[in-house]
Amino acid sequence: MISSVSLAPADPGTGVKVNIAPYNGQNNITQVTSQQYAMVATMAGVKDVIITVTADKTVSGESALTGVYKALAADGLTLNQQNTQAANGIMDATQPAINQNKGDKKISWEINGSRW
């Protein structure tokens, strides 16, 4: 696990916002999108937070979600384990289709109104 995650509180009612930050000018998170992080965090019960993900080496980004859960636990927030497992399953299930169609401008991916 090479990726790094930071969490910051967001205004009530704003939901989950995710930034994938470049490291030395390069995006090293190669597979997981900010929308995927937001979707699974929301499914897991996370609310009103800003998540920033980065890595100093090229990684898929899947391990960063574990970092989100651990950071929230360190802050005293208990997430429903069934919800986190379901959220992780959704990410695993959608990743092959995303990888297969990456860059195809004819396909419009939408989750919770966000395009990616």
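- Remark: Ala73 pairs with no residue by the side-chain contact (heavy atoms from CB on, under 4.5 Å) rule, at least two apart or across chains.
- Taking Asn83 as the reference, Asn80 meet the side-chain contact (heavy atoms from CB on, under 4.5 Å) condition, with sequence neighbours excluded.
- Proximity of a side-chain donor or acceptor of Tyr37 to a complementary backbone N or O of Gly61 within less than 3.5 Å is detected.
- In the hydrophobic clustering of ILVMFWY residues, with side-chain heavy atoms under 4.5 Å counting as a link, Ile50 and Met43 come out apart.
- Listed by chain and residue number, Ser4, Ala21, Tyr23 satisfy the side-chain contact (heavy atoms from CB on, under 4.5 Å) test with Thr54 (two or more places apart in sequence, or in another chain).
- Residue Lys17 holds its NZ atom at 10.5 Å from CG of Asp11, rounded to the nearest 0.5 Å.
- With Asp48 contributing its side chain and Thr14 its backbone, the two residues share a donor-acceptor pair below 3.5 Å.
- For Ile20 against Ser34, the heavy-atom pair with the smallest separation is CD1-N, 3.5 Å.
- In this structure Gln85 satisfies the side chain to side chain donor-acceptor pair (under 3.5 Å) test with no other residue, sequence neighbours excluded.
- Partners of Ala41 according to the side-chain contact (heavy atoms from CB on, under 4.5 Å) rule, which considers only residues two or more places apart in sequence or in another chain, are Val16, Val46, Ile51.
- Val59 places none of its side-chain heavy atoms less than 4.5 Å from the side chain of Thr30.
- Of the possible donor and acceptor atoms, none in the side chain of Asn27 sits under 3.5 Å from a partner among the backbone N and O of Pro22.
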